[in-house]
2 protein chains.
Amino acid sequence: MTDVARLAGVSHQTVSRVLNDHPNVKEQTRIRVRAAIAELGYRPNRAARALVTGRSQLIGVVARNSTLFGPATMLSEFEQAAADAGFAVSVGSVRELDRSSISAVVDRHLDQRVAGLVVIANTASATEALAEIPEDLPVVFIDGDPASGRPLVTVDQVAGARAATRHLLDAGHETVWHVSGPTDWFDSAGRIQGWRQTLEEAGAEVPPLLSADWSAAEGYRTGQMLARMPEVTAIFTANDHLALGILRALHERGRRVPHDVSVVGFDDVPEAAYFIPPLTTVRQAFGDVARAALSLLLGQMRDDSGMADQIVVPPQLIVRESAPRRI
Amino acid sequence: MTDVARLAGVSHQTVSRVLNDHPNVKEQTRIRVRAAIAELGYRPNRAARALVTGRSQLIGVVARNSTLFGPATMLSEFEQAAADAGFAVSVGSVRELDRSSISAVVDRHLDQRVAGLVVIANTASATEALAEIPEDLPVVFIDGDPASGRPLVTVDQVAGARAATRHLLDAGHETVWHVSGPTDWFDSAGRIQGWRQTLEEAGAEVPPLLSADWSAAEGYRTGQMLARMPEVTAIFTANDHLALGILRALHERGRRVPHDVSVVGFDDVPEAAYFIPPLTTVRQAFGDVARAALSLLLGQMRDDSGMADQIVVPPQLIVRESAPRRI
DNA sequence: TTCAGAAATGTTATCGATCACATCGGCTTT
DNA sequence: AAAGCCGATGTGATCGATAACATTTCTGAA
């Protein structure tokens with residue numbers, strides 16, 4: 001930095017001002033400094049900046065160690081958005097979203113003096129751990145508890161589930177069975193709620209809730225049971241992998257999709273269009289969620305208090321053969 | 001830190017020594033300092049340390065922005081391994097692995113003064129960009145060019161492809177068709193090589209190579225073509241998603257799997273066991289790769305020159321119904 | 001013309017750690 | 001008993017940026 005200052009014939013402070021886009025720098029000086037920076041290939045030392053400002057150009061993400069489509073996509077999209085805004089992203093995965101693991105990861109991030117934190121908090125246990133986070137650190141939750149009052153971005157799970165259930169009822173089914181994800185996930189809870197509400201509003205009978213983890217394996221096991229029940233003609237599953245397992249179970253038992261049973265998934269993984277048959281599902285705009293989360297975070301950093309602090313992204317029903325409009 | 005020093009009745013330097021496990025500290029002093037640290041809840045400022053040492057406790061990862069199963073899993077596993085070793089991981093995704101994008105990401109990481117770099121370099125274009133990386137920065141490639149001479153960890157793609165092809169030949173097929181991934185990927189190249197070698201060694205005819213991207217969509221398109229060719233009885237695809245698309249195309253054309261056509265995939269995604277029919281595939285131990293990469297990196301940081309610098313992880317054939325041992 | 005006030009720039013202190021070197025006992029060696 | 005050395009600890013400089021304040025230069029109104 002001193003070298004740059006010398007070459008441009010100014011003080012190091014002026015260089016710092018140019019770097020930080022301070023208003024009070026003459027245009028001509030600014031240009032001279034920029035030229036010197038370019039000529040010397042100078043790049044500011046972020047550690048030094050972090051030391052004095054107490055804040056780095058780093059955003060910490062707390063996420064469950066997971067290769068599930070949703071969380072993985074979210075992370076990737078967020079990283080991209082952050083990079084475009086000039087921030088690096090430090091990932092801290094935890095095996096479980098319990099309080100002590102989260103606390104450990106948050107501590108690691110605080111050590112790094114992250115400028116903000118994004119918590120992908122798909123279960124209630126994650127919300128409890130927010131006590132660990134200092135008040136003055138910008139935080140955004142993705143997928144957390146809307147009731148927490150903290151800044152939060154989610155996909156509207158209830159609306160997605162309603163659209164899926166509605167679609168099946170409209171197609172002529174008397175009722176719709178639901179295979180949910182783990183019940184401690186907010187996503188699952190929202191989807192269950194949307195499903196139940198829609199059935200109740202339509203005056204349809206609400207079948208018993210079947211819950212599973214998110215895997216194709218459990219979808220298959222649940223599917224084996226459902227396949228033996230002739231009264232089951234419409235199934236809404238909480239994600240596409242569950243649907244895959246169910247499709248296979250139905251296939252093995254000779255129940256044709258969609259002729260005998262219609263199936264709707266959730267997520268729209270890239271492969272969903274190539275399931276047998278192609279899967280009707282609910283697409284979540286993870287990219288939009290990631291960008292919204294980033295903008296909330298940047299808003300907090302700027303202390304932009306007029307900003308909305310909860311953003312809900314609408315999902316979209318994608319109709320394919322596994323559940324056509326009319327049976 | 002000054003507070004800790006005062007409370008423990010020593011100088012700040014001694015506190016620093018305790019923190020860094022210097023040998024020349026009396027046991028008794030060490031205990032006193034540790035107690036003071038615990039009492040005050042003191043945590044060292046990493047930015048300050050990074051400033052003076054010129055190196056942070058941060059490992060940079062350069063990866064293509066991707067939700068492909070392989071890269072996503074690799075990233076997640078690596079993050080976990082690094083966290084266990086006390087390192088944070090900063091992810092830098094690029095949309096394309098071309099030289100200028102990589103260079104930009106590497107620059108961002110250098111700004112952060114990362115202690116080491118992991119490049120998930122699945123295409124040749126990534127290897128070219130290594131010129132951007134300073135000589136003295138520890139670097140490990142995952143999936144790069146084995147001929148580069150740089151420290152590198154890969155799954156043995158050739159062996160995996162050989163096992164898959166061999167399996168199909170042993171089951172009685174005259175030859176095996178291959179749908180590869182993009183040919184500029186090292187993974188693809190290795191799989192093609194293993195496939196071709198095995199056929200040649202067995203004296204089998206080598207059918208024309210079909211190449212695709214990694215998606216189920218292209219698998220489907222390729223599958224529609226293959227399904228019309230009665231001489232095709234065995235297909236080895238470069239990943240499981242391609243296989244999924246092919247399974248669907250075969251299904252639509254009424255060609256039964258494995259009765260008419262056997263299919264083998266690659267990756268063993270968690271859903272592979274629930275495809276229709278369950279997919280025979282080659283499992284890659286991503287966790288092992290990630291841990292190996294980390295240990296190579298830590299070795300370089302310690303300047304442990306006696307260390308092996310290329311590690312090849314063997315894959316494993318998982319036999320399921322889509323390609324049983326005997327047809 | 002003068003002078004207040006703003007704009008542009010410079011000077012020095014500071015963040016919190018490590019590094020290099022200085023100091024001080026105690027122990028071995030002759 | 002003196003010299004020499006080593007282990008334990010302390011002192012002050014340093015990394016590279018920004019913050020706070022000081023100073024100079026410019027602008028426009030009285």
Side-chain angles (χ1 to χ4, degrees), chain A residues 1-37 40-58 86-88 107-108 110-115 136-137 301-303, chain B residues 1-37 40-58 86 88 107-108 110-115 136 301:
Chain A
M1 183 153 172
T2 316
D3 300 341
V4 172
R6 192 171 328 135
L7 180 60
V10 296
S11 76
H12 61 125
Q13 181 58 281
T14 301
V15 176
S16 171
R17 289 197 181 96
V18 171
L19 248 37
N20 293 285
D21 288 324
H22 263 258
N24 295 351
V25 178
K26 216 196 283 177
E27 193 51 32
Q28 190 188 339
T29 316
R30 195 183 297 276
I31 290 168
R32 235 179 32 247
V33 172
R34 288 254 164 74
I37 288 176
L40 296 176
Y42 159 86
R43 11 214 358 246
N45 182 325
R46 307 217 174 206
R49 177 181 296 176
L51 177 58
V52 66
T53 62
R55 206 115 290 181
S56 60
Q57 284 289 92
L58 198 59
F87 282 83
D107 279 0
R108 281 216 306 279
L110 293 179
D111 276 358
Q112 303 274 343
R113 300 293 189 273
V114 293
D136 59 337
L137 185 68
M301 288 178 198
R302 281 192 311 268
D303 198 24
Chain B
M1 183 155 172
T2 316
D3 299 341
V4 173
R6 192 170 330 134
L7 180 60
V10 296
S11 75
H12 61 123
Q13 181 60 285
T14 301
V15 176
S16 172
R17 288 196 182 96
V18 171
L19 249 36
N20 292 285
D21 287 324
H22 265 258
N24 294 352
V25 178
K26 216 195 282 176
E27 192 52 32
Q28 191 188 337
T29 315
R30 195 183 296 277
I31 290 168
R32 231 174 40 244
V33 172
R34 287 254 164 75
I37 288 176
L40 296 176
Y42 159 86
R43 9 214 358 245
N45 182 326
R46 307 218 173 205
R49 177 181 295 174
L51 177 58
V52 66
T53 61
R55 208 123 277 186
S56 60
Q57 284 286 94
L58 199 59
D107 279 0
R108 279 215 307 278
L110 293 180
D111 276 359
Q112 304 273 344
R113 299 294 187 275
V114 293
D136 59 337
M301 288 178 197

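A, B, ... follow the sequence lines: proteins, then strands. Residue 1 opens every chain. Computed from heavy atoms alone, side chains included, the values below leave out hydrogens, waters and symmetry copies. All of these numbers come straight from a predicted model, not from anything done at the bench.
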A.B. asks: Rounding to a whole Å, what distance do you find between B:Arg6:CZ and D:dT9:C1'?
C.D. replies: 18 Å
A.B. asks: Write down the distance between CZ (B:Arg43) and P (C:dC15), rounded to a whole number of angstrom.
C.D. replies: 20 Å
A.B. asks: Check whether any side-chain nitrogen or oxygen of A:Asn20 sits under 4.0 Å from OP1 or OP2 of D:dT18, and answer yes or no.
C.D. replies: yes
A.B. asks: D:dA8, OP1 or OP2 - any side-chain N/O from B:Thr14 closer than 4.0 Å?
C.D. replies: no
A.B. asks: Roughly how far, to the nearest 0.5 Å, is CG of A:Leu58 from CZ of A:Arg113?
C.D. replies: 12.0 Å
A.B. asks: How long is the span from the CG atom in A:Leu19 to the CZ atom in A:Arg30, to the nearest 0.5 Å?
C.D. replies: 11.0 Å
A.B. asks: I want to check something: taking the side chain as every heavy atom from C-beta on, are A:Leu110 and A:Leu137 in contact at a cut-off of under 4.5 Å?
C.D. replies: yes
A.B. asks: Would you mind reporting whether B:Arg43 and A:Asp107 have side-chain heavy atoms less than 4.5 Å apart?
C.D. replies: yes
A.B. asks: Regarding A:Thr29, tell me which of base, sugar-phosphate or nothing describes its non-hydrogen contacts under 4.0 Å with the strands shown.
C.D. replies: sugar-phosphate
A.B. asks: Need to verify one output field. Residue with the more 5' nearest nucleotide on DNA chain C, A:Ser11 or B:Ser16?
C.D. replies: A:Ser11
A.B. asks: Within this structure, what is the CZ-to-P distance between B:Arg55 and C:dC19, rounded to whole angstrom?
C.D. replies: 13 Å
A.B. asks: Determine the minimum heavy-atom distance between B:Ala5 and B:Ser11, stating which atoms define it.
C.D. replies: CB-C, 3.7 Å
A.B. asks: Rounded to the nearest angstrom, tell me the gap between atom NE2 in B:His22 and atom P in C:dC19.
C.D. replies: 6 Å
A.B. asks: How far does the helix from C:dT1-D:dA30 to C:dT30-D:dA1 bend, going by the axes of its first and last five pairs, to the nearest 10°?
C.D. replies: 40°
A.B. asks: Is any side-chain heavy atom of B:Arg17 less than 4.5 Å from a side-chain heavy atom of B:Thr14?
C.D. replies: yes
A.B. asks: Is there side-chain contact between A:Ser16 and A:Met1, with heavy atoms separated by less than 4.5 Å?
C.D. replies: yes
A.B. asks: By nearest atom, which of the nucleotides C:dT18, D:dT9, D:dC15 is closest to the B:Leu51 side chain?
C.D. replies: D:dC15
A.B. asks: Measure from CD1 on B:Ile37 to C1' on C:dG16 and round the result to the nearest Å.
C.D. replies: 14 Å
A.B. asks: In whole angstrom, give the distance that lies between atom CG of A:Asp3 and atom C1' of D:dC15.
C.D. replies: 14 Å
A.B. asks: For residues B:Val18 and B:Thr29, determine if any side-chain heavy atom of one lies less than 4.5 Å from a side-chain heavy atom of the other.
C.D. replies: no
A.B. asks: Which residue, B:Glu27 or A:Pro44, contacts DNA chain D at a nucleotide closer to its 5' end, judged by nearest heavy atom?
C.D. replies: B:Glu27
A.B. asks: Tabulate atom names and distances for all N/O pairs under 3.5 angstrom spanning the protein and nucleotides 20-25 of chain D.
C.D. replies:
unit_1, atom_1, unit_2, atom_2, d
D:dA20, N6, A:Gln13, NE2, 2.8

A.B. asks: What integer distance in Å separates A:Arg46:CZ from D:dA17:P?
C.D. replies: 11 Å
A.B. asks: Out of D:dT14, C:dG10, C:dA13, which has the shortest distance to the side chain of A:His12?
C.D. replies: C:dA13
A.B. asks: Does OP1 or OP2 of D:dG16 have a side-chain N or O of A:Asn45 closer than 4.0 Å?
C.D. replies: no
A.B. asks: Using heavy atoms to find the nearest nucleotide of DNA chain D for B:Arg32 and B:Arg113 separately, return the residue whose nucleotide is more 5′.
C.D. replies: B:Arg32
A.B. asks: Check A:Asp111 with A:Arg108, please: is the shortest side-chain N to carboxylate O separation under 4.0 Å?
C.D. replies: no
A.B. asks: From the options D:dG7, C:dA17, D:dA17, select the nucleotide whose nearest atom is closest to the side chain of A:Ala48.
C.D. replies: D:dA17
A.B. asks: Within this structure, what is the CD-CG distance for the pair A:Gln112 and B:Asn45, rounded to the nearest 0.5 Å?
C.D. replies: 10.0 Å
A.B. asks: Of the candidate nucleotides C:dT14, C:dT18, C:dA17, which contains the atom at the shortest distance from the side chain of A:Val52?
C.D. replies: C:dT14
A.B. asks: Could you state the NZ-P distance from B:Lys26 to C:dG25, rounded to the nearest angstrom?
C.D. replies: 13 Å
